K.L.:
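Dropping the structure in here first, questions after.
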Amino acid sequence: MLRKRFLVFLFLFSFLIRALVFQFFLSKNENYWQVDSTTYHQVANGITSGWGISHEQGESNFYRLPGYSLFLSVFYKLFGPIKTIALWFQIFLSSFIPILIFFLSLSLFPTNLLLAKIASIYSSVHLGFVLYSGFFMSESLFIFFFLLFSIFFFSKVKFNFFLSGLFLGLASLVRPVGHYFIILAIALILIFSSFGNKKFRSSFLFFLGWFIPISFWLIRNFLLLHSVFFHTLPGGHFLYLSAARVAMHEQNCSYWQARENLQKESEVLIKLKEQKLGRPLNEIEHCKLLEGLAARYFVKHPVLAIKNWFTDMMRTTLSLYSAELIYLYNDRAEIDYFNKDRTTWDMFKRYLFPDVSSKLIKIILFFEILFFAFILLGLTLGMIKLLFMIFMYLFSFQKLSKKELCNIGTWLKVIPFIVLFILLSLSGGYARMRLPAEPFLIILSFSFWLSLCGENLLKIN
């Protein structure tokens, strides 16, 4: 009964915070509109108009996954293309995310109810979760499905693997990372599962659950373009966000000039390819050609490429969600992120000495830095403690209890999830790319801090 009251309070509190932020800030001047919003909106209009998963002009969409546009199209069909109506339902759905984090924490640490309560309350006011609940972006919908996948995946119940795969499949239609996580998840099942020969059956059920939702999309793409693929975003993404930063050093020019040069180079290659085939390239062929051109620059200058990838992963790891507030407050003034003269200090200075006059934004920024540092410190110290315990155990210097061994196993299963999200951000480097990993960061960090408080505190319900 007390748990139900807590969850009801958690939902109402989460919804209130998100509703207030949307009503009094994000809904003003269309602050909810982001760079990728236009594509989602156009495809949703295409679906509503009866043209299938296509743009408003009827041209088939391959550039982005269909999940978020399908979500929007339901509300467009019922109420017309009124973006705020869809966003209000998204806010309602996002208010369940702290509740899902509560159950995820219990899946990872079943006996630690206090940890679940603290992690879920913290997530209810977490700036990233609050802001993206009201942005016209796919993050909240993806995180909703990804948390359901994670809850069932880390549950101790054997038959949950099919449901886990099913929710990962739904998440895979929203953000193109599911095919990476299916490989990681099956590897973890085979390594950590104690089901004996049934681990292969569990892996199959998990894969089957994942494949069912995504199969229609892969079949659709194959029928239209005769190739199996998820989307065509990677070509331009890697060429213009990553290879261009290699080219600007090779060509000794600005980032934007390098982009223009790469575009001209790709146009020549496309023309030659089309002449060879005797027809225009379709979208997936165009994507692969751009990927190949980007790879050529990476192979030619591997040190520069790795340096850029590492920089982007660090930006993903350390960037703040307050950057969105600074961006909106400054009338969406663009920052030359990839200026080759931009130093590491310049990146940190943006947050330490923000170029805003609003005291409220500065206060929010200060508290985000404070709490994020607390989360990162707890995670770092927890990993150090984990390595020490493993070392002591392997060399028989210390016997570990069953609970300690379970906790070690939990950390070893969760850390690869966090690492994979960071690795997938190697060409971009924005805080929102870290957002789906935040629940794991929060839970693991607080689990360490609570472990310092002793067993008596951990028994509090």
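Bear in mind the structure is a predicted one, so any value in this text is a computation, not a measurement.
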K.L.:
Could you tell me which residues satisfy side chain to side chain contact (heavy atoms under 4.5 Å, CB included) with N221, sequence neighbours excluded, listed by chain and number?
P.N.:
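Only F62, W217, F229 meet the side chain to side chain contact (heavy atoms under 4.5 Å, CB included) criterion with N221.
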K.L.:
What donor-acceptor contacts under 3.5 angstrom involve side-chain atoms of residues 172-190, with partners at least two apart or in another chain?
P.N.:
| residue | atom | partner | partner atom | Å |
| --- | --- | --- | --- | --- |
| S172 | OG | L168 | O | 2.6 |
| S172 | OG | W210 | NE1 | 3.0 |
| R175 | NH2 | M433 | O | 3.4 |

K.L.:
Who pairs with D36 by salt bridge (charged side-chain N to carboxylate O under 4.0 Å, His left out), at least two apart in sequence or on another chain?
P.N.:
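With neighbours one apart ignored, the set is R64, R432.
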K.L.:
With a 6.0 Å cut-off (strictly less than), is the heavy-atom count around CZ of F216, excluding the residue itself, greater than 12?
P.N.:
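Buried by this count: over 12 neighbours within 6.0 Å.
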K.L.:
Taking the side chain as everything from C-beta on, heavy atoms only, tell me whether E438 gets closer than 4.5 Å to I143.
P.N.:
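Result no, sub-4.5 Å side-chain heavy-atom pair not found.
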K.L.:
Please tabulate, for side-chain N and O atoms in residues 17-29, each donor-acceptor pair with protein atoms closer than 3.5 Å (sequence neighbours left out).
P.N.:
| residue | atom | partner | partner atom | Å |
| --- | --- | --- | --- | --- |
| R18 | NH1 | S14 | O | 3.1 |
| R18 | NH1 | S124 | O | 2.7 |
| R18 | NH2 | S123 | O | 3.3 |
| S27 | OG | F22 | O | 2.8 |
| S27 | OG | Q23 | O | 2.9 |

K.L.:
Under the side chain to side chain contact (heavy atoms under 4.5 Å, CB included) rule, collect the residues that match up with L426, sequence neighbours excluded.
P.N.:
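Checked L426 against side chain to side chain contact (heavy atoms under 4.5 Å, CB included); matches are F238, W309, M313.
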K.L.:
Using side-chain heavy atoms (C-beta onward) and a distance below 4.5 Å, is R434 in contact with F421?
P.N.:
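Counting from C-beta outward, R434 and F421 never come under 4.5 Å.
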K.L.:
Please evaluate residues Y132 and E324 with respect to the criterion side chain to side chain contact (heavy atoms under 4.5 Å, CB included), reporting the C-alpha separation (whole Å), side-chain torsions for both, the decisive distance (0.1 Å), and the verdict.
P.N.:
CA-CA 10 Å; Y132 278 91; E324 296 289 352; 2.9 Å; yes
K.L.:
Does the structure place the NZ or CZ of K83 under 6.0 Å from the centre of the six-membered ring of Y32, at an angle of no more than 45° from the ring's axis?
P.N.:
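No, K83 does not lie over the aromatic ring of Y32.
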K.L.:
Sequence neighbours excluded, which residues qualify as salt bridge (charged side-chain N to carboxylate O under 4.0 Å, His left out) partners of K385?
P.N.:
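Scan of K385 (salt bridge (charged side-chain N to carboxylate O under 4.0 Å, His left out), adjacent residues dropped) gives none.
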K.L.:
In chain order, what residues pass the side chain to side chain contact (heavy atoms under 4.5 Å, CB included) check against S401, with sequence neighbours excluded?
P.N.:
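Testing S401 for side chain to side chain contact (heavy atoms under 4.5 Å, CB included), a comparison that skips the adjacent residues, returns K403, E404.
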K.L.:
F211: what forms a side chain to side chain contact (heavy atoms under 4.5 Å, CB included) with it, not counting sequence neighbours?
P.N.:
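F207, I214, S215, L218.
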K.L.:
Ring of F310, cation from K307 - is the NZ or CZ under 6.0 Å from the centre and inside 45° of the axis?
P.N.:
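Output no; distance or angle outside limits.
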K.L.:
Do R332 and Y327 have side-chain heavy atoms sitting under 4.5 Å apart?
P.N.:
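They are in contact (side-chain heavy atoms under 4.5 Å apart), so the answer is yes.
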K.L.:
Do the side chains of F9 and L12 get nearer than 4.5 Å, heavy atoms only?
P.N.:
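No. Closest side-chain heavy atoms not under 4.5 Å.
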K.L.:
Test side chain to side chain contact (heavy atoms under 4.5 Å, CB included) on S69 and I53; report intermediate values, then the result.
P.N.:
CA-CA 8 Å; S69 294; I53 302 173; over 6 Å; no
K.L.:
Hey, does the side chain of S120 reach the backbone of K117 with a donor-acceptor pair shorter than 3.5 angstrom?
P.N.:
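The answer is yes, because a donor-acceptor pair under 3.5 Å joins these two groups.
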K.L.:
How far does CD1 of I369 sit from CG of L352, to the nearest 0.5 angstrom?
P.N.:
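Atom-to-atom, I369:CD1 and L352:CG are 5.5 Å apart.
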K.L.:
Going by the side-chain hydrogen bond (donor to acceptor under 3.5 Å, both in side chains) test, name the single residue among N339, D341, D346 that passes it with T343.
P.N.:
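Going through the options one by one, the only one that passes is D346.
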K.L.:
Compile the donor-acceptor pairs under 3.5 Å between side chains in residues 408-419 and protein atoms, sequence neighbours left out, one pair per line.
P.N.:
| residue | atom | partner | partner atom | Å |
| --- | --- | --- | --- | --- |
| T410 | OG1 | L108 | O | 3.3 |
| T410 | OG1 | C406 | O | 3.0 |

K.L.:
Only pairs at least two apart or in different chains count here, so list each salt bridge (charged side-chain N to carboxylate O under 4.0 Å, His left out) that has a residue in residues 87-112.
P.N.:
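Pairs touching residues 87-112 that pass the test: none.
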K.L.:
Counting C-beta onward and ignoring hydrogens, is there a side-chain heavy-atom pair between Q90 and F71 closer than 4.5 Å?
P.N.:
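Answer yes - side chains close enough.
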K.L.:
Does the side chain of Y321 come within less than 4.5 Å of V130's, by heavy atoms?
P.N.:
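They are not in contact (no side-chain heavy atoms under 4.5 Å apart), so the answer is no.
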K.L.:
Please check if atom CG in D355 has more than 12 non-hydrogen atoms from other residues, nucleotides or ligands closer than 6.0 Å.
P.N.:
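It does not: D355 CG has 12 such atoms or fewer within range.
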K.L.:
Y337 versus R350: any side-chain heavy-atom pair under 4.5 Å?
P.N.:
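Of all side-chain heavy-atom pairs linking R350 with Y337, at least one is under 4.5 Å.
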K.L.:
A side-chain contact here means heavy atoms from C-beta on lying under 4.5 Å apart; do Q34 and F136 qualify?
P.N.:
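In short, these two side chains do not touch, never coming nearer than 4.5 Å.
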K.L.:
Test of understanding: with salt bridge (charged side-chain N to carboxylate O under 4.0 Å, His left out), list the residues that count as partners of R315, not counting sequence neighbours.
P.N.:
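Here the qualifying residues are D312.
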K.L.:
What's the spacing between R201 CZ and F162 CZ if we round to 0.5 Å?
P.N.:
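One gets 11.5 Å once the value is rounded to the nearest 0.5 Å.
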K.L.:
Let me have the donor-acceptor pairs involving side chains of residues 370-377, under 3.5 Å, with sequence neighbours excluded, atom names and distances please.
P.N.:
none

